[in-house]
Structures are given as C-alpha cells and as structure tokens.
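First up is the structure itself, then whatever we jot down about it.
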Amino acid sequence: MAYKTTNPYTEEVEKEFETLTDDEVKEAIGKADEAFQAWKCTSFEERKAVLQKAADLLRDNAEEHAKIITTEMGKTLAEAKLEVDICVGIFEDYVKNGEKYLEPRVLPSDKYGKDSVTLYFEPQGVIYMVEPWNFPYYQLARVAAPQLMAGNTLIYKHASNVPQCALKFEQLMKDAGLPEGGFINIFASHDQSDIVLADDRVRGVALTGSEGAGAAVAATAGKYLKKSTMELGGADAFIVLEDADIDKTVEWAVMGRHWNAGQVCCSSKRMIVVDAVYDEFLEKYREGVKKLKAGDPMDPETDLAPLSSAQAKKDLQAQLEEAIAEGAHAEEAGIELPEKGCFFQPTILTDIPEGAKARYVEFFGPVSQIYRVKDEEEAIKLANDSPYGLGGSVFTQDLEHGKEVARKLDTGMVYLNHPTGVASDIPFGGVKRSGYGRELVDLGIHEFVNIKVVADSPIDGEF
C-alpha cells in the first residue's frame, strides 16, 4: 500500500512515504501504551491545556494547514479553512465541556440507597483510528479531542492519499504539549489493522470510511472483542415540501450537493421534491448548477473542486454509466472544466426507474438525483427506501411540521431548511449501513471510556 501525495489539480505526485513494517507497527502500539500509563493520571487541567494549545495553533496557522489539505485531496482553500475552523471548535468544546461530560453520575437505587451508586467515566487505553481523505483534519479531531480529554491515547491509520495531513496533525499535537506517544500516525497497510486490533493494549477502534472498509474493520474488531464505532457512507434525502421557499431551497441544494466536490458522506444526494413545486425546483436547480465555477482549488473564485483522484473520477463515471443503462435520464450542466485535473462534469439524474441500482448506491461526487413524488407521504417513503441512514433535510416554512416529518425519517440526523452539516457541538452519526456510534459532545467522549459502577452495601445488608 503506497502512501503518497498526488495533487488532484495538477495530477503530479509530490511526495511518497514508506509503509511501516509489522515490527514498527507493534513498536507504535507500545509507545502509545506507555504514554497512556502516564496520560491517564493527568488532571483535567493538564489535558485542557494541551487541547487549547492545539486549538490556538490551528487558529494561528489556519492557512498553512488548509493548504496542505487542498494540495493533497483537492477541496477548495476556502472549504479547507472552514474545516480547520471546525477543528478549532471541536478542541475548544472539549476544553469547555469535557470535564463536565466526564463528571461522576450518582444513580438513585431502592436497594442501595439514594446516593450510594456512582458511575465513573474512566479511560481504557489505546484507541485505534482509521480515517478517510475527504475531511483529513476534521475526522482526526472529532475522535482525538474527546478521547485525549478522557485520558486515552491514540494511534491512527489515515488514508493513503493524505500522508502529509496525517503527519502535520501528529506534529500539531506534539507542538501542543501532548507527551510523546499520545497521538501516533502509522503508515500501515490494510492487513496490519489485524495486528493493531489483536493487541490487548488496544481497547477500541473508530473508523470513518466506506461501507466495505467499515465491514472489514468491524469484523476484525468483533473477532478480538473490541468496541468499535463506524461512520460510513450516506445517501441523504433532501426533501422539498410544497410550502418551501424555493429560491433559498435551491441555493442550499446546489451547495449541499457540490461542497467538497460532492465527496461528503452526508451531502444532499437524493433530492425528493413534491409534485406541486417540482418543475420550478428543477429549473432553478439546473440554473444554479450551471453557475458553478471549476478551477484551481487555491483560487478563491473556484467553487467546484476536482475529485480527490483519477480513480475516484473513474469510479464515479462507471456508476453514472450504469445508471443511464438502467434507464435514468442524465443531463450534464455543461460548465467549463480545466483541461487538467480530476474534474467531473456536474450531472443531474432524473426519471430513475424503480428498482434501479442507482437508487440504492452512494454517488461520491457531483451527480445529483432528483425525484418527483406525489406528496409528503410518498417523499418520506422514498427517503426511507435506502440502505443508508446518515443524515437528511426537510425544507418547509412550517418548522413544527418539519420536525414531525423529521421524526419519520430513518436516519441519524435531520436538518430543517439546511443540508445535513457538521458543527463542533452537535453529535454526528447514523443508522443502518451508515454505521453506528456517535461522535462529538458527551456521546462521543463516552464511546471509549469505561463506565464503571461503584455501589455501597445494600441498605438491608443482604445480597
């Protein structure tokens, strides 16, 4: 497995890195465990100081970090800066609230007495992270911040096309004052995940990635009885009801489908529009997509970036051709694309036949699916007719009714009048084949701690 930086805009290989040997992987686990033995004994104040320093360093050097992200995976510099800013927010949320999230909790008990049962949230050891390329900083921060605050240490295998992001984030944590071994990048092969998860010092794994990668790592974790969290793919529904503000809805739809060049697990992939406003929505959406400007992702005027790699472009093209072969109607936006770079022409799919495979797969790029439905009931039914359940959106001017519709969607997150998004203080995660577990806030920090019960003697003195 080769770790290398291939700039998606220039298509040039800029740097390459060697994969670790098995012994080097084992050595990294040992260093992380050694660091854990000391880190778990630190005070919350010491941990807060490290996280705050990491936030300060990111804020002060945002453009430097953003440029590495853009160079390696291709997103626009503006989007990369937003990613860095979200990471700052994540670190600072745990500085502000982490200790509170881990406060002991007293439980009432008829048998043991009113204040005699206490839950303690304690660190467990080394946590393994397997992370993807599409948000190379954010994905690291949303596991690293809570687990370091909890007193765990981490080793991580990043995507092979963002090695410099992986190294830069490791250095960030060292510069922030985290002891050696507290956060270790490993350029590991897929097979070496077995070595990591087989080690008793490793207590769990957090993965963000494809459905296939998640299934493989979850199976390995299960084999060794390790806790896992999985944030996998998505095919988020973007439901447009009759009373939606169509102009604003279209603006959000264009952004929601094309940010990060459409390479977002929770982007708006299936636009489900009720019949009464379908024609107006489609016409305005078509116009909005045609206004996108593709170009150098470092250029502030660019709002459509290249895909992350030549292989990503090839895979998306194959999916599109299969959808057309199944009977879907494809309409290209026809915007001007640079001659070089992994760019993909934005395409709108309509009239996708019932039962077509295209209805049930994730298009990871600027391909929009737009469905006409009779009414709200049919919109909900279609939204739930998916193997995925990550996020979703409901557009309506009646917020209370929007919440009612949201409650009927079989998905982990629903946003009203806004595409599914990310924030430092909102939990993230899905259901069905989109994975399990939650990241961020108290839910995320509790995923890999030992929730220990300590109980006094029973009131009556009997077992």
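Treat the numbers as computed from the prediction; the structure is a model and nothing was measured. Values reported hereafter were calculated over all heavy atoms of this structure, with side chains retained and with hydrogens, waters and symmetry mates removed.
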Other residues, nucleotides, ligands: >12 heavy atoms within 6.0 Å of Glu180 CD: no

Donor-acceptor pair between Tyr388 and Thr411 side chains, under 3.5 angstrom: no

Partner set under ring pair (Phe, Tyr, Trp, His ring centres under 6.0 Å) for His446, not counting sequence neighbours: Phe121

Partners passing side chain to side chain donor-acceptor pair (under 3.5 Å) against Ser228 (at least two apart in sequence or in another chain): Tyr436

Gln139 versus His158, side-chain donor and acceptor atoms under 3.5 Å: no

All side chain to side chain donor-acceptor pair (under 3.5 Å) counterparts of Asp56, not counting sequence neighbours: Gln52, Arg59

Minimal non-hydrogen separation, Leu390 against Asp236, with atom names: CB-OD1, 3.8 Å

Test log, rule side chain to side chain contact (heavy atoms under 4.5 Å, CB included), inputs Lys432 and Asp410: CA-CA 9 Å; Lys432 299 192 286 187; Asp410 190 9; 3.5 Å; yes

Lys48 atom NZ: more than 12 heavy-atom contacts under 6.0 Å: yes

Short side-chain donor-acceptor distance under 3.5 Å, Thr302 and Asp296: no

Separation between CG of Asp191 and OG1 of Thr19, rounded to the nearest 0.5 Å: 11.0 Å

Approximate separation, where rounding is to 0.5 Å, of Arg201 CZ and Ile155 CD1: 9.5 Å

Note, Val205 side chain near Met129 side chain (heavy atom, < 4.5 Å): no

N-O pairing of Lys227 and Glu447 below 4.0 Å: yes

Side-chain heavy-atom pair Val202, Ile29 within 4.5 angstrom cut-off: yes

Residue pairs passing the ring-ring contact (aromatic ring centres under 6.0 Å, His included) test where at least one lies in residues 194-237, sequence neighbours excluded: none

Under the salt bridge (charged side-chain N to carboxylate O under 4.0 Å, His left out) test, residues paired with Lys168 that sit two or more places apart: Glu64

Gln397, CD: over 12 other non-hydrogen atoms inside 6.0 angstrom: yes

Side-chain ion pair, Glu83 and Lys75, N-O less than 4.0 Å: yes

Euclidean distance, Lys223 NZ relative to Leu225 CG, rounded to 0.5 Å: 11.5 Å

Side chains of Trp39 and Val50 in contact at under 4.5 Å (non-hydrogen atoms): yes

Residue pairs fulfilling salt bridge (charged side-chain N to carboxylate O under 4.0 Å, His left out) with at least one residue in residues 29-39, sequence neighbours excluded: Glu27-Lys31

Whether Thr153 side chain and Ala32 backbone form a donor-acceptor pair below 3.5 Å: yes

Minimal non-hydrogen separation, Ala213 against Leu207, with atom names: O-CD1, 3.9 Å

Main-chain N/O of Cys265 paired with Lys269 side-chain donor or acceptor, under 3.5 Å: yes

Glu72 versus Asn7, side-chain donor and acceptor atoms under 3.5 Å: no

Trace of the side chain to side chain contact (heavy atoms under 4.5 Å, CB included) decision for Leu440 with Ile90: CA-CA 8 Å; Leu440 300 177; Ile90 291 171; 3.9 Å; yes

With Tyr94 via ring pair (Phe, Tyr, Trp, His ring centres under 6.0 Å) - residues at least two apart: Tyr101

Non-neighbouring partners of Lys403 that pass salt bridge (charged side-chain N to carboxylate O under 4.0 Å, His left out), sequence neighbours left out: Glu400

Electrostatic pair Lys67-Glu63, nearest N-O below 4.0 angstrom: yes

Charged N-O contact under 4.0 Å between Lys26 and Asp199: no

Exam field: side chain Lys226 to backbone Leu197, donor-acceptor pair closer than 3.5 Å: yes

Ring pair (Phe, Tyr, Trp, His ring centres under 6.0 Å) against His258, all qualifying residues, sequence neighbours excluded: none

Residues that Arg142 engages under salt bridge (charged side-chain N to carboxylate O under 4.0 Å, His left out), provided they are two or more places apart: Glu231, Glu439

Contact check, side chains of Val126 and Arg203, non-hydrogen atoms, under 4.5 Å: no

Test ring pair (Phe, Tyr, Trp, His ring centres under 6.0 Å) applied to Phe238 - qualifying residues, sequence neighbours left out: Phe395

Donor-acceptor under 3.5 Å (Gln124 side chain, Phe448 main chain): yes

Distance-minimising heavy-atom pair for Gly391 and Thr420: C-OG1, 3.6 Å

Show every donor-acceptor pair shorter than 3.5 Å between a side-chain atom in residues 170-179 and any protein atom, with sequence neighbours excluded, or say none if there are none.
from   : atom 1 : to     : atom 2 : distance (Å)
Glu170 : OE2    : Asn185 : N      : 3.0
Gln171 : NE2    : Asp175 : OD1    : 2.8

Inter-residue atom distance Tyr3.OH - Ile186.CD1, 0.5 Å rounding: 7.5 Å

Under 3.5 Å: donor-acceptor pair, side chain of Ser434, backbone of Gly233: yes

Ion pair check, Lys157 and Glu131, cut-off under 4.0 Å: no

From Met271 atom CE to Thr249 atom OG1, the distance as rounded to the nearest 0.5 Å: 11.0 Å

CA sep, side-chain torsions, deciding dist, call: Tyr156, Phe169, ring-ring contact (aromatic ring centres under 6.0 Å, His included): CA-CA 11 Å; Tyr156 61 98; Phe169 209 98; 7.5 Å; no

Check: Gly365 main-chain N/O paired with Arg257 side-chain donor or acceptor under 3.5 Å: yes

ring-ring contact (aromatic ring centres under 6.0 Å, His included) between Trp133 and Tyr138, intermediate numbers included: CA-CA 10 Å; Trp133 48 263; Tyr138 165 67; over 10 Å; no

Heavy-atom donor-acceptor pair, Thr220 side chain to Ala216 backbone, under 3.5 Å: yes

Interatomic spacing from CD1 in Ile445 to CD in Glu99 - rounded to 0.5 Å: 10.5 Å

Neighbour count above 12 (heavy atom, 6.0 Å) for Arg438 CZ: yes

Side-chain heavy atoms of Phe187 within contact of Ser160, under 4.5 Å: no

Validation row: Pro346, Ser368 side chains within 4.5 angstrom (heavy atoms): no

Pair Met298-Thr70, side chain to side chain contact (heavy atoms under 4.5 Å, CB included): steps then yes or no: CA-CA 7 Å; Met298 294 288 187; Thr70 297; 3.8 Å; yes

